[in-house]
Q: 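Please read through the structure below; I'll follow up with questions.
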Protein chains: 2
Amino acid sequence: MLINELSKKTGITTHTIRFYEKSGLIEGKQDESVKSNNYFHYDEITVEKLDFISDAKSVGFTIKEIGQIIDAWYNKKYTKKQKLEILDDKLISLEQKMKEIKEMKKQILQFKDDVVNDRC
Amino acid sequence: MLINELSKKTGITTHTIRFYEKSGLIEGKQDESVKSNNYFHYDEITVEKLDFISDAKSVGFTIKEIGQIIDAWYNKKYTKKQKLEILDDKLISLEQKMKEIKEMKKQILQFKDDVVNDRC
DNA sequence: CACAACATTAGAGTATAGTCTATAGTTGAT
DNA sequence: ATCAACTATAGACTATACTCTAATGTTGTG
């Protein structure tokens with residue numbers, strides 16, 4: 001599919017898709033047999049990747065971190081061991097985020113309590 | 001205390017403290033009786049606020065959101081009802097973040113599984 | 001009283017992650 | 001053949017959140 005269809009399927013603008021492509025997160029390929037244009041074609045894996053990118057951004061992963069995860073999954077440049085190391089590293093960082101959110105929840109509940117009991 | 005002591009107590013640089021002050025998150029006060037300088041003085045509440053800011057940034061709250069929470073706690077400009085509304089809103093957003101992180105954990109565990117079983 | 005260590009303000013610079021504009025060429029329906 | 005709708009590339013612009021520099025003035029210890 002071309003970039004417009006990809007954009008419609010993922011809800012990500014063509015501009016942002018091109019930004020992600022330049023950042024190395026996804027990669028379209030040009031059809032060598034067509035000489036009249038240099039349009040990029042994208043496959044279902046790219047749709048999958050973009051959906052993942054959206055989710056990963058929500059949890060606060062940076063473009064760089066998302067790139068590492070995508071490479072650990074879709075790329076052949078790492079050994080099995082290296083891939084698992086990267087993924088485990090991200091799991092640890094998710095656990096950390098989880099812990100911080102729980103702490104923040106407690107803190108805000110305390111704030112609420114203070115408001116209710118006129119301690120602020 | 002002056003800004004340098006505040007910086008040492010919180011581990012936040014004086015530059016960043018001034019940035020937070022300009023952003024309206026904290027507020028020092030000048031001693032009117034001293035005419036030779038215009039140094040700002042900070043109290044323990046400011047230390048508390050800066051510690052909170054560090055934690056709140058970790059969970060992904062923006063400066064603007066952090067400002068709302070601080071105002072809901074330390075400020076007199078809101079009614080009790082408004083304060084609770086702001087805090088409840090942040091609690092909802094924390095629940096949302098938590099949900100997204102749990103989903104991402106599942107996703108990455110799936111990736112790991114795929115790596116282990118040579119499905120990628 | 002020198003001078004290192006502190007304070008202030010204004011504004012410039014950086015990194016991240018987009019977002020938009022301009023230019024130019026291509027495709028497909030009428 | 002025309003024309004709207006698409007495509008590519010380069011580069012400018014924006015927002016957020018710092019981070020640093022420069023210029024200038026103040027304080028406190030030897």
Side-chain angles (χ1 to χ4, degrees), chain A residues 1-43 46 49-70 90 93 97 100, chain B residues 1-43 46 49-70 90 93 97 100:
Chain A
M1 77 196 81
L2 298 180
I3 196 162
N4 201 32
E5 193 182 341
L6 183 60
S7 170
K8 270 163 194 158
K9 271 199 182 176
T10 59
I12 299 174
T13 67
T14 59
H15 281 305
T16 301
I17 290 172
R18 290 209 170 96
F19 169 73
Y20 289 154
E21 185 149 20
K22 255 192 277 181
S23 305
L25 299 186
I26 59 161
E27 207 179 339
K29 37 188 175 304
Q30 286 165 322
D31 189 339
E32 298 295 329
S33 65
V34 176
K35 287 139 293 178
S36 62
N37 71 41
N38 48 352
Y39 292 4
F40 284 89
H41 295 262
Y42 302 92
D43 54 17
T46 305
K49 284 182 184 176
L50 286 175
D51 286 345
F52 174 76
I53 291 166
S54 296
D55 293 346
K57 280 185 40 52
S58 294
V59 306
F61 280 135
T62 63
I63 296 285
K64 198 174 164 184
E65 288 174 311
I66 296 170
Q68 289 176 335
I69 300 171
I70 286 179
K90 299 312 169 202
S93 118
K97 283 176 201 286
E100 285 164 352
Chain B
M1 77 196 79
L2 297 181
I3 196 161
N4 202 33
E5 194 182 340
L6 183 60
S7 171
K8 269 162 194 159
K9 271 199 182 176
T10 59
I12 299 174
T13 67
T14 58
H15 281 304
T16 301
I17 290 172
R18 290 209 169 96
F19 169 73
Y20 289 153
E21 185 150 20
K22 257 192 275 181
S23 305
L25 299 186
I26 59 160
E27 208 179 339
K29 36 187 176 305
Q30 284 164 323
D31 191 339
E32 298 295 330
S33 65
V34 177
K35 287 140 293 175
S36 62
N37 71 41
N38 49 350
Y39 291 5
F40 283 88
H41 295 261
Y42 302 92
D43 55 16
T46 305
K49 283 182 184 177
L50 286 176
D51 286 345
F52 175 75
I53 291 167
S54 296
D55 292 347
K57 280 184 41 52
S58 295
V59 306
F61 281 135
T62 63
I63 295 286
K64 198 176 165 184
E65 288 174 311
I66 296 170
Q68 289 176 335
I69 299 171
I70 287 179
K90 299 312 170 203
S93 118
K97 281 176 203 285
E100 286 163 351

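Order of the sequence lines fixes the chain letters, A, B, ..., with proteins taken first and strands second; residue numbering starts at 1 for each chain.
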Q: Picking from D/dT9, D/dT7, C/dA17, which would you name as closest to the side chain of A/Leu2?
A: D/dT7
Q: Expressed in angstrom and rounded to an integer, what is the separation of B/Phe19 atom CZ from D/dA15 atom P?
A: 14 Å
Q: Could B/Asp51 and B/Lys9 be called an ion pair, given the rule that one side-chain N must be under 4.0 Å from one carboxylate O?
A: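 So B/Asp51 does not pair with B/Lys9 through a salt bridge.
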Q: Just by distance, no angles: are the side chains of A/Asn4 and A/Ser7 close enough, under 3.5 Å, to form a donor-acceptor pair?
A: no
Q: Please give, in whole Å, the distance from D/dT26 P to B/His41 NE2?
A: 14 Å
Q: Looking at C/dG11, D/dT9, D/dC6, which one has an atom nearest to any side-chain atom of A/Lys8?
A: D/dC6
Q: Just to confirm, is there a sub-4.0 Å distance from OP1 or OP2 of C/dT19 to any side-chain nitrogen or oxygen of A/Thr16?
A: yes
Q: Roughly, in whole Å, what's the span from CD1 in A/Ile17 to C1' in D/dC6?
A: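 Going from CD1 in A/Ile17 over to C1' in D/dC6 covers 14 Å.
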Q: Which one, D/dA17, C/dA17, C/dG11, comes nearest to the side chain of B/Ile63?
A: D/dA17
Q: What's the CD1-P distance between A/Ile66 and C/dG18, to the nearest Å?
A: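 Atom CD1 in A/Ile66 sits about 8 Å away from atom P in C/dG18.
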Q: Do A/Thr46 and A/Asp43 pair up side chain to side chain, a donor and an acceptor below 3.5 Å, judged on atom types alone?
A: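 A/Thr46 vs A/Asp43: donor-acceptor pair found between side chains.
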Q: Please report, rounded to the nearest Å, how far the C1' atom of D/dA8 is from the CD atom of A/Gln30.
A: 9 Å
Q: Taking CG from A/Leu25 and C1' from C/dA17, how many angstroms apart are they, rounded to a whole number?
A: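 Rounded to the whole Å, the gap is 11 Å.
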Q: Can you work out whether B/Lys57 or B/Asn38 has the more 5'-proximal nearest nucleotide on DNA chain D?
A: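 Taking each residue's closest nucleotide, the earlier one in sequence belongs to B/Lys57.
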Q: Of the candidate nucleotides C/dT19, C/dC20, D/dA8, which contains the atom at the shortest distance from the side chain of A/His15?
A: C/dC20
Q: Rounded to the nearest Å, what distance is computed from the CD1 atom of residue B/Ile53 to the C1' atom of nucleotide D/dT16?
A: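 That distance rounds to 15 Å.
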Q: With respect to the side chain of B/Ser36, which nucleotide from D/dT27, D/dC18, C/dA17 is positioned closest?
A: D/dT27
Q: Does A/Asn4 or B/Tyr20 map to a spot on DNA chain D nearer the 5' end, using the closest nucleotide for each?
A: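 Counting from the 5' end, the first nearest nucleotide belongs to A/Asn4.
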Q: A/Tyr20 and A/Glu27: side-chain donor and acceptor closer than 3.5 Å?
A: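 Per modelled atom types, A/Tyr20 and A/Glu27 side chains form no pair under 3.5 Å.
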Q: Counting side-chain heavy atoms from CB outward, which of C/dT26, C/dG18, C/dC6 is closest to B/Tyr39?
A: C/dC6
Q: Closest heavy-atom contact between B/Ile3 and B/Thr14?
A: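 Looking at all heavy atoms of both residues, the closest pair is CD1-O, 3.8 Å.
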Q: Specify the separation, in whole Å, of atom CG of B/Asp31 and atom P of D/dT26.
A: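 Distance check: B/Asp31 CG to D/dT26 P gives 16 Å.
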Q: Taking the minimum atom-to-atom distance to the side chain of A/Asn37, which one of C/dT27, C/dT19, C/dG11 wins?
A: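 Between C/dT27, C/dT19, C/dG11, the one nearest the side chain of A/Asn37 would be C/dT27.
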Q: Heavy atoms under 4.0 Å, any strand shown: does A/Thr62 hit a base, just sugar-phosphate, or nothing?
A: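 Here A/Thr62 touches the backbone only, sparing every base.
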